[in-house]
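As structure tokens, the structure follows; a few thoughts come after it.
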Amino acid sequence: MERYKIVKGKKLRYGYTTGSCAAAAAKASAKMLRTQKNINYIDLDTPKGWRLKLKVEEQEYDENSAAAAIIKDAGDDPDITDGIKIFAKVSFIKEKTLEITGGIGVGKITKDGLSVPVGEYAINTIPKKMIENELKKIFPENGLRVEIWIPEGEKIAKKTFNPRLGIIGGISVIGTSGIVEPMSEEAFKESIKLEMKMFMKSNRSQVIFTFGNYGINFCKERGIKDKNIIKTSNFIGDMLDEALNYEIKEILIIGHIGKLIKVAGSIFNTHSKIADCRMEILAAYTGIRGGNKKILNQIMKSNTTEEGVEVLKNQKQIDCKIVFNEIVEAVKSRCEKRVYNKIDIEVVMFSQKRGLLGMTKKAKERMIKFNGE
């Protein structure tokens with residue numbers, strides 16, 4: 001797809017959604033069923049008003065059914081579904097209706113709060129409408145069953161928020177415009193906020209925030225279940241704001257020092273493009289505790305916080321445990337100030353090599369509580 005947008009001076013290419021792929025595969029299959037011929041390309045009208053011409057893959061047909069696939073193209077968006085094949089099979093049925101269902105790799109809805117009812121396949125309303133509109137052009141009389149399946153869907157779903165949202169066994173067939181716009185930071189924030197919304201469906205008042213997979217693994221090693229954890233990515237500030245909106249009472253923040261130490265400096269978007277003063281903050285807390293110039297220089301020259309931790313662990317001038325504990329106490333203070341002291345926040349900090357580095361006074365108690373749930 002050769003359409004582009006300029007984002008911060010970069011030329012980024014648009015793509016098309018899983019919904020567009022499903023609708024195009026269904027239309028191609030219906031056309032083959034009608035004509036009893038293979039086709040190489042299929043046109044598709046999208047809700048955005050753009051017409052797509054998509055290459056058709058793996059065609060097969062007989063007198064009663066036809067099937068085909070479309071390869072997902074996410075453009076320059078970092079979409080985990082980019083390059084996968086989305087299949088549709090169209091079959092005749094006796095009833096003069098159009099039945100749309102899912103198959104392998106399409107998730108099923110198991111929780112309330114989403115746009116698709118519990119028990120149904122995760123094929124959203126707009127992709128369904130696209131399928132209906134395109135198939136009516138070929139079979140106005142209906143009498144068809146459409147099955148969508150995605151061979152890689154179940155594997156990919158494990159790397160998404162879907163299981164946490166109650167979408168089990170595969171990915172969703174989604175898309176409101178039919179077009180993938182190169183992902184904005186705001187769109188990613190919204191996906192995390194949706195997870196918070198689903199979390200609150202269970203009337204929880206306590207939650208664990210962690211930045212990414214390091215934190216998830218740290219929790220798992222200590223017996224803490226995924227159901228208690230929300231991954232905030234870089235947007236810890238936005239998620240604290242969201243927790244305040246949902247009247248969360250207690251938060252346990254568990255973070256690798258590389259991300260968490262930024263929050264000690266009141267940096268609530270921890271992406272390196274926003275701010276990267278990890279070594280400066282580590283050196284500042286070390287200096288306050290009496291670290292000499294040699295130690296501070298070694299910290300400032302460290303490439304990573306893991307390396308900075310080794311500097312502190314290997315010197316004998318000061319107690320590094322005090323430094324780490326003061327950092328987590330600063331994180332606690334900054335975060336509680338962010339939420340106007342309306343949420344009780346405890347903090348745990350770790351490194352990949354050394355494990356647990358420091359925790360606030362009640363953090364251990366809270367970890368035990370979550371471990372028991």
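All residue numbers refer to positions in the sequence shown, counting from 1. Atoms considered below: every heavy atom in the structure, side chains included; atoms not considered: hydrogens, waters and symmetry mates.
Lys259 pairs with exactly one of Thr305, Asn234, Thr210 by the side chain to side chain donor-acceptor pair (under 3.5 Å) rule, that one being Asn234.
Closest heavy-atom contact between Ile295 and Asn292: N-OD1, 2.9 Å. The two residues Ala68 and Ser29 make their nearest non-hydrogen contact at N-OG, 3.1 Å. In this structure, Gln206 and Phe199 approach most closely via the heavy-atom pair O-CZ, 3.3 Å. When all heavy atoms are compared, the tightest approach of Ile254 to Cys219 is CD1-SG, 3.6 Å.
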Report task. Applying side chain to side chain contact (heavy atoms under 4.5 Å, CB included), run through Ile42 and Lys31 and close with a yes or a no. Result -> CA-CA 9 Å; Ile42 193 73; Lys31 192 170 182 179; 4.1 Å; yes

**Report entry** Evaluation steps, side-chain hydrogen bond (donor to acceptor under 3.5 Å, both in side chains), between Asn213 and Lys231
**Finding:** CA-CA 8 Å; Asn213 291 330; Lys231 188 161 64 173; 3.2 Å; yes

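A donor-acceptor contact under 3.5 angstrom links the side chains of Thr81 and Lys72, judged on distance only. Thr360 and Glu329 are not linked by any side-chain donor-acceptor pair at a separation below 3.5 angstrom, with hydrogens and angles left out of the test.
Proximity of the aromatic rings of His256 and Phe211 is defined here by a centroid distance below 6.0 angstrom, and this criterion is not met.
Residues passing the side chain to side chain contact (heavy atoms under 4.5 Å, CB included) test with Glu95, sequence neighbours excluded: Ile93, Thr97.
Cluster annotation: Trp50 and Leu54 are assigned to the same hydrophobic cluster (Ile/Leu/Val/Met/Phe/Trp/Tyr, side-chain heavy-atom contacts under 4.5 Å, transitive).
Hydrophobic cluster membership for Ile123: Leu33, Ile80, Ile84, Ile86, Val90, Phe92, Leu98, Ile100, Val106, Tyr121, Ile131, Leu135, Ile138, Phe139, Leu144, Val146, Ile148, Ile150, Ile156, Ile171, Val173 (Ile, Leu, Val, Met, Phe, Trp, Tyr linked by side-chain heavy atoms under 4.5 Å, directly or transitively).
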